[in-house]
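Here the structure comes first, spelled out in structure tokens, and everything after it is commentary.
Quick caveat: nothing in here was measured; it's all calculated off a predicted structure.
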Amino acid sequence: MKLWVDGSSANSIGQAVKMKVSEVTADVNYQVKSRGTRAVNALRNAELRVLQGQRHGKVYKKPDTHGRASKATRALMKDYGHKLRRGQLYRASAPGEPPARRSGSLRLHWYGDVEMRDTPRGTEVLAVLESGEKYAEMLENGTSQMAPRPFVEKIKEEAMTEIKKIYSEPYT
């Protein structure tokens, strides 16, 4: 003799189990997406930390700057090696260092997204942080005229501890 519950009738135990499984699945999927968003935020915060601070490269005049020298520019004048009539100076990054901030565009133009894919083993979550600047790849990999200024791996390393903590939390 076999007994089974298939959930075909509206008031059966099987239907109640199906509803509960659907409810729990929806809740876990919500938590997964939330953790993906938190992981993207961790990457973004790490990116801000990696791309801040002083560098150790040469001093250059910022293009298209005019007017009186700022306090920061006056501090860099002795390292500039030229007479500065007007404009602002900045210190570039040395080869192997993360890029220096000249205009701030690289630090500001990042876009985060959480991609979720259903796989045979369950839902796969991908936390994506992408730069909107065209020159980001040239800085990362270098060009024929410039040595690389790597920053991608440093951002990942900086964020990895927090991301592991986020994904290790128990599901409720």
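- Remark: side-chain polar atoms of T65 are not paired, donor with acceptor, to backbone N or O of K61 under 3.5 angstrom.
- Panel note: side chain S34, backbone Y30; no donor-acceptor pair is recorded below 3.5 Å.
- The distance from the CZ atom of R49 to the NZ atom of K154 is 15.0 Å, given to the nearest 0.5 Å.
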Quiz item: Going through the distances and angles, do V114 and V40 end up as a side chain to side chain contact (heavy atoms under 4.5 Å, CB included)?
Solution: CA-CA 7 Å; V114 179; V40 168; 4.1 Å; yes

Practice problem: Tell me, with the steps shown, if L106 and R101 meet side chain to side chain contact (heavy atoms under 4.5 Å, CB included). | Solution: CA-CA 8 Å; L106 182 62; R101 190 180 99 209; over 6 Å; no

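- R117 places no side-chain N or O within donor-acceptor distance of the main-chain N or O of T123, the cut-off being under 3.5 Å.
- Of the possible polar contacts, none joining the R149 side chain to the M146 backbone as a donor-acceptor pair under 3.5 Å is found.
- Within 6.0 Å of atom CG in D79, more than 12 heavy atoms from other residues, nucleotides or ligands are found, so the atom counts as buried in its surroundings.
- Neither side chain, E124 nor T119, offers a donor N or O lying under 3.5 Å from an acceptor on the other.
- The distance from atom OH of Y60 to atom NZ of K62, rounded to the nearest 0.5 Å, is 15.0 Å.
- Summarising the geometry, atom CD1 belonging to I166 is positioned 9.0 Å from atom CZ belonging to R35; distances are rounded to the nearest 0.5 Å.
- Evaluated for a side chain to side chain contact (heavy atoms under 4.5 Å, CB included) with F151, the options K156, E140, E47 yield exactly one hit, E140.
- R107 places a side-chain N or O within 3.5 Å of a backbone atom of L48 that can act as its donor or acceptor partner.
- Although no hydrogens or angles enter the test, the distance criterion places no donor-acceptor pair under 3.5 Å between the side chain of E115 and the main chain of V128.
- Around the CZ atom of R38, the shell of radius 6.0 Å holds more than 12 heavy atoms that belong to other residues, nucleotides or ligands.
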